[in-house]
Structure formats: structure tokens, C-alpha cells
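Since the structure comes first, as C-alpha cells, the remarks are kept for the end.
Index from 1, following the sequence. Values in this document were obtained by computation on a predicted structure and should not be read as measured data.
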Amino acid sequence: MRYDLVIFDNDGVLVDSEPLSNTILAGYLTELGHPTTYEDSLRDYMGAAVHRVHDLVLERSGQRLPEDFDAAFHARVFAAFERELEPVAGAVDVLEKLVADGVPYCLASSGSHERIRVGHRRTGLDRWFDDGRIFSAEDVGRGKPAPDLFLYAAERMGVRPEKCVVIEDSPLGVQAARSAGMTVYGFTAMTPAERLSGAGATELFASMGELADLLV
């Protein structure tokens, strides 16, 4: 194993949540008078903490989102998760191999701890992630693309950044990991390969079935 720690993004890497959450986000922003397509949402917000939504809407429109925006958005997302969220195909196989090989792993997500837990309970991934393996943008001052979250996860896991590999599916997440001095593998299931390589991903893969061999 070339790395001392594997750090997974959560949304889109472990749980297949990006289509659900971005459909809901685009619809809700449009309802509020900020026309947003699904493609717009993926481009602008995929991989980011919710504060980025507030920042971009204010920057582009001069208007602030309602005070209850976060709570209302998350309520819609959690309801959708409970109905239909599934793990990313092959993610469990990768986790099983890491455990069998004794390789340390964790996740570092822009989502809240509550969002992570709701998704993991629904998909059964909670058996693989105790509290000591879960790190959220809530834990640091700035979310992705700032490096803070990945640096925090590595520190808590006791591993130097240069010995970590990050599994990411968004350009913002790739930028954050690269800024933290970590190697990044880009998962291209939902994001064009050129966007991830352009952000700094050193390896690209299209299915989780390919990841285990890349990590060796």
C-alpha cells in the first residue's frame, strides 16, 4: 500500500446522493427566484458546503437567501435520502478490502454530520464508519475548496498529509486536497475527467471496481 490513509469524500463517492441533492437544490433555488438548472447546480455547488450557495446567490443577485434556507433544504434532502438513497456501486467492496488489508481510512465531507449519518443509516454504510472516522466541514472554519477539512482529518487520524490519498468526485474537492498537499484520485462517474484532471487529480477512475487496484 502506497499510502498510510485513504480519505473518502462522501457524497457521490460513498453514497449516490449527488443526483438527489442537486435536483432538490436547483428546484428550491428556482422556487426562491434564482433560476438554477440541475447542470448549474452540479457545476457550481457539487462538493461544496452549503455556505457556498449563500455566497454565490448573494454575489450574483445581491439578495440573501431566507434565514431558514439551510433547514428547509436539508429537510427536503433528508426526506429524499430516506426514500431512495443507495450506496455508490462497489463502495462496500473497496471498504471491505481496506479493512481486510488493515489500511486506515476515513471520510471528509462538505456535508453536515447529520446529513452524513442520515445517508449512512439508509445505505448501511454506518457499519463502516464510527464517529472517529467521520469529519465534516462543520468541524473546521472553511469548507472545500479550502484545505482545512482534509488537513484536520489527517491530523486527527495521525497521518502526514503527503502520506494521504483522497478519493474525490468534484473539482472543488480535488482543489482542496491538492492544497492540503495530498494525492487525489478523481472519480469520474458524474464529473467529466478533464474537469478533475484540470483541478489536479493525479489518477482518474470511472468505477469503484477500479479503485482497489489503483491504491496498491
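When all heavy atoms are compared, the tightest approach of Cys164 to Val159 is SG-CG1, 3.7 Å. Shown here for Pro147 and Ala180, the closest heavy-atom pair between the two residues is CB-N, 3.6 Å. Residues Tyr45 and Val57 approach most closely at OH-CG2, 4.1 Å, considering heavy atoms. Considering all non-hydrogen atoms of both residues, Gly47 and Ser170 come closest at CA-OG, 3.5 Å. For the residue pair Gly173 and Lys144, the shortest heavy atom distance occurs at CA-CD, 3.8 Å. Nearest heavy-atom pair across Phe187 and Ala206 is CE1-O, 3.4 Å.
The backbone N or O of Phe205 sits less than 3.5 Å from a side-chain atom of Thr188, completing a donor-acceptor pair. A side-chain donor-acceptor contact under 3.5 Å links Ser136 to the backbone of Gly111. When atom types are taken as modelled, the side chain of Thr191 and the backbone of Asp169 share a donor-acceptor pair closer than 3.5 angstrom. When atom types are taken as modelled, the side chain of Glu82 and the backbone of Ala79 share no donor-acceptor pair closer than 3.5 angstrom.
Taking the six-membered ring for Trp and the full ring otherwise, Phe129 and Tyr105 have centroids separated by under 6.0 Å.
Cluster annotation: Val99 and Leu125 are assigned to the same hydrophobic cluster (Ile/Leu/Val/Met/Phe/Trp/Tyr, side-chain heavy-atom contacts under 4.5 Å, transitive). Connection of Leu172 to Phe150 is not established within any shared hydrophobic cluster, with ILVMFWY side chains joined at heavy-atom distances below 4.5 Å, either directly or through further cluster members. Note on Leu151: it does not cluster hydrophobically with Ile167, by side-chain heavy-atom contacts below 4.5 Å among ILVMFWY residues. A continuous path of ILVMFWY side-chain contacts below 4.5 Å connects Tyr3 to Val103, so both sit in one hydrophobic cluster.
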Checking side chain to side chain contact (heavy atoms under 4.5 Å, CB included) for the pair Trp128/Arg133: CA distance, chi angles, key distance, verdict? CA-CA 9 Å; Trp128 302 99; Arg133 295 182 190 270; over 6 Å; no
Run the side chain to side chain contact (heavy atoms under 4.5 Å, CB included) test on Phe8 and Leu211 for me, step by step, so that the C-alpha distance in whole Å, both residues' side-chain angles and the decisive distance to 0.1 Å come before the verdict. CA-CA 12 Å; Phe8 292 94; Leu211 180 57; 4.1 Å; yes
Check against side chain to side chain contact (heavy atoms under 4.5 Å, CB included), Thr30 and Thr36: CA-CA 6 Å; Thr30 300; Thr36 305; 4.1 Å; yes
Apply side chain to side chain contact (heavy atoms under 4.5 Å, CB included) to residues Leu215 and Leu98 and explain how you reach the verdict. CA-CA 10 Å; Leu215 291 173; Leu98 292 178; 4.2 Å; yes
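At least one side-chain heavy atom of Met208 sits less than 4.5 Å from a side-chain heavy atom of Val13. In this structure, the side chains of Leu29 and Leu65 come closer than 4.5 Å at one or more pairs of heavy atoms. Annotation: side chain of Glu168 is not in contact with side chain of Ile7 (no heavy-atom distance under 4.5 Å). No side-chain heavy atom of Arg2 sits under 4.5 Å from any side-chain heavy atom of Val165. In this structure, His120 and Leu107 have side chains that are in contact, with non-hydrogen atoms separated by less than 4.5 Å. Contact check for Ile134 versus Arg117: side-chain heavy atoms found under the 4.5 Å cut-off. Inter-residue side-chain proximity for Asp11 and Ser21 is flagged as unmet; no heavy-atom pair is nearer than 4.5 Å. Contact of the Phe73 side chain with the Val53 side chain is not registered, since no non-hydrogen atoms from C-beta on lie closer than 4.5 Å.
Salt-bridge annotation for Lys97 and Asp213: absent, with no side-chain N of the basic residue lying under 4.0 Å from a carboxylate O of the acidic one. Salt-bridge annotation for Asp55 and Arg52: absent, with no side-chain N of the basic residue lying under 4.0 Å from a carboxylate O of the acidic one.
More than 12 heavy atoms of other residues, nucleotides or ligands sit less than 6.0 Å from atom CD of Glu194. Other residues, nucleotides and ligands contribute only 12 or fewer heavy atoms inside 6.0 Å of the CZ atom of Arg156.
To the nearest 0.5 Å, atoms CD (Glu18) and OG1 (Thr23) are separated by 10.5 Å. One distance of note links CZ of Arg43 with CG of Asn22; it measures 11.5 Å at 0.5 Å rounding. In this structure, the separation between CZ on Phe135 and SG on Cys106 is 5.0 Å, given to the nearest 0.5 Å. Atom CD of Glu162 and atom CG of Asp4 lie 9.5 Å apart (nearest 0.5 Å). The line from CG of Leu149 to OG of Ser109 is 7.5 Å long, rounded to the nearest 0.5 Å. In this structure, NE2 on His51 lies 10.5 Å from CG on Asp70, to the nearest 0.5 angstrom.
Counting Ile, Leu, Val, Met, Phe, Trp and Tyr side chains that sit under 4.5 Å apart, directly or through other members, Leu42 shares a hydrophobic cluster with Tyr38, Met46, Met190.
Cation-pi contact between Arg76 and Tyr28: present, with separation from the ring centre below 6.0 Å and deviation from the ring axis of at most 45°.
The aromatic rings of His74 and Phe78 sit parallel to each other, their planes meeting at less than 30°, with 60° as the upper class boundary. Below 30°, between 30° and 60°, or above 60°: for His54 and Phe69 the angle between ring planes is above 60°, a perpendicular geometry.
Looking at His113 and Asp131, their side chains never bring a donor and an acceptor atom within 3.5 Å of each other.
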